There are 2 protein chains.
Amino acid sequence: MPKGVTKRRPRTRAALLGAALEVFAEQGFHAATIEQICERANYSRGAFYSNFRTKEELFFALFDEHIDRSAERMAAIVEQVTADGEPSVDALAQALSRSRLEPSERAWYLVTTEFTLHAIRTPEAARKLAEHDARARTLLARHIEDLVRRLGRELTVDAEDFARLLVAIREGGLAQSYVEPDRLPPGELDRRFTAPLLAAVTRDASNAR
Amino acid sequence: MPKGVTKRRPRTRAALLGAALEVFAEQGFHAATIEQICERANYSRGAFYSNFRTKEELFFALFDEHIDRSAERMAAIVEQVTADGEPSVDALAQALSRSRLEPSERAWYLVTTEFTLHAIRTPEAARKLAEHDARARTLLARHIEDLVRRLGRELTVDAEDFARLLVAIREGGLAQSYVEPDRLPPGELDRRFTAPLLAAVTRDASNAR
DNA sequence: TGCATCGGATACATACATGTATCGTGGATC
DNA sequence: GATCCACGATACATGTATGTATCCGATGCA
């Protein structure tokens, strides 16, 4: 913490960020008003302007927090799956989809999707998002390669491309799930298709090409 | 056209809808202002309020237009592919991904994604969206079943579920493509993975279970 | 405990989008 | 070609979010 910064500052900052996540999830970024966020956090707009200069800045800060969170989570998943002795495709699929069941996950989905839309319209944001996505994807790709190797098989497609596919299924599947939660539980597509999919893009390692 | 309605009305209405698509794509729904839309269409706000009551109403009208468009397109794809004598998985994948290359496609993607976010937050909109998605999905599922049968194979998974997977890949893939267009051309994931995927979830029809 | 500074609250000025009410012009019907 | 009405333009009133300037209380340090 920088010099001359008291310890209540990080607390109110965190409160504002938490409130912002909820309000953005409920209303969307543009519809959400600074006052609503402050109200939810039990602070005045003075507190807001003392911590952030604009709503955008808050939005970016929120996304940064998500990046950290998501990196930690991905690492935890990888560690957990690799630690469980016997490597298995199902274990990966389970872990990936299970990580989507937390209550706040829906809120994060809404916020990050809105950030994605923002990024598509704004080159600068797109770079930032692409960079983050690339890191997460590479982590996933490495793990898949590792898993495949341990299963005595080998990929017939680029690992990064396959990771892109898994990410697409996850995001696209969540969209469908959240639109009709009782027809398609979150993570269902991943659970059902990851294994056959992986089987389809690998072959027995002993086979010659 | 209802009695007492002159013919310039549908023209200005269409102009407003077209302008709205562009402005919504550029700014997003909430950031877009009614005045910007009118400006783009070369009309005054008076024209707007004469045709629509709120920005939401315009938004819904735009989405309805998309529904029609998309139904026509899906029908055209199915017809085209089935007409081309030899049935093939690649032909389907090609047709599906090719349909994503029109210039206005990006704008529609942005608008419909925003509508999806709106639907996730609003039960009424969710019902409407779900109904539309279900129709499109069923159409796709029927065609897949037909294609699979013609190839002398049979599905090992529910056709609707598989259609859900394809839709997820398409939407999720487009998100990635529009964030980094030069790293992943729109439709690339579909093109690359539809065939192996279909192979993975079917088996030779002559095989006993 | 007293002092200096940080952090948050309050109040006000401003900008801006919205909606409505009214007016004028172009199109349809005779 | 004249009349009437639909349609769009213009002007104005209003609500509301934003940002800033100032004030007061809390926190940390000597």
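All of these numbers come straight from a predicted model, not from anything done at the bench. Residue numbering restarts at 1 for every chain, and letters A, B, ... go by the order of the sequence lines. Just so it is clear, the values below take in all heavy atoms, side chains as well, and ignore hydrogens, waters and symmetry mates.
Distance A/Arg53 CZ to D/dT18 C1': 15 Å, rounded to the nearest Å. With rounding to whole Å, B/Arg13 atom CZ is found 12 Å from D/dC7 atom P. Atom pair A/Phe52:CZ and D/dG19:C1' shows a separation of 17 Å (rounding to whole Å applied). A/Leu58 places its CG atom 15 Å from the C1' atom of D/dT18, with the value rounded to the nearest Å. Straight-line distance from the CD1 atom of A/Ile37 to the P atom of D/dT18: 8 Å, rounded to whole Å. Protein atom CD of A/Glu56 is 12 Å distant from nucleotide atom C1' of D/dT18, rounded to whole Å. In this structure, A/Tyr49 places its OH atom 11 Å from P of D/dA17, rounding to the nearest Å. Atom pair A/Phe48:CZ and C/dT10:C1' shows a separation of 17 Å (rounding to whole Å applied).
Nearest heavy-atom pair across A/Arg121 and B/Gly28 is NH2-CA, 3.5 Å. Listed here is the closest heavy atom pair of B/Phe48 and B/Thr54: CZ-O, 3.6 Å.
By the 30° and 60° cut-offs, the orientation of the rings of A/Phe24 relative to A/Phe29 is tilted. Between A/Tyr178 and A/Tyr109, the angle of the ring planes lies from 30° to 60°, which puts this pair in the tilted group. Between B/Phe59 and B/His118, the ring planes lie perpendicular to each other; the angle is over 60°, past the 30° to 60° tilted range.
Rounding to the nearest 0.5 angstrom, the gap separating the CG atom in B/Leu110 from the CZ atom in B/Arg106 is 5.5 Å. Annotation: the span from A/Tyr49 atom OH to A/Ser44 atom OG amounts to 11.0 Å, rounded to 0.5 Å.
The phosphate of C/dC6 has neither OP1 nor OP2 within less than 4.0 Å of any side-chain N or O from A/Ser50. In this structure, A/Tyr43 does not reach the C/dG8 phosphate: none of its side-chain N or O atoms is under 4.0 Å from OP1 or OP2. For D/dC7, the OP1/OP2 oxygens have no side-chain nitrogen or oxygen of B/Thr12 closer than 4.0 Å. An OP1 or OP2 oxygen of C/dG8 is reached within less than 4.0 angstrom by a side-chain nitrogen or oxygen of A/Asn51.
Within 4.0 Å of B/Ser44, counting heavy atoms only, lies at least one base atom of the nucleic acid.
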Between protein and nucleotides 26-30 of chain C, what N or O pairs are separated by less than 3.5 Å?
none

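In this structure, B/Gly46 and B/Lys55 both approach DNA chain C, and ranking their closest nucleotides by distance from the 5' end singles out B/Lys55. Looking at which nucleotide of DNA chain D each of B/Gly4 and B/Asn42 is closest to, the 5′-most match is held by B/Gly4.
The base of C/dG19 sits within donor-acceptor range of the side chain of B/Arg45, with an N or O pair under 3.5 Å.
Side-chain atoms of B/Thr138 and B/Glu160 include a donor-acceptor pair closer than 3.5 Å. In the model, B/Arg191 has no side-chain atom that pairs as donor or acceptor with a side-chain atom of B/Gln94 under 3.5 Å. Between the side chains of A/Ser50 and A/Arg9, a donor-acceptor pair is found at a separation under 3.5 Å.
The C1' atoms of five pairs define one axis at each end of the helix from C/dT1-D/dA30 to C/dC30-D/dG1, and these two axes lie 30° apart (to 10°).
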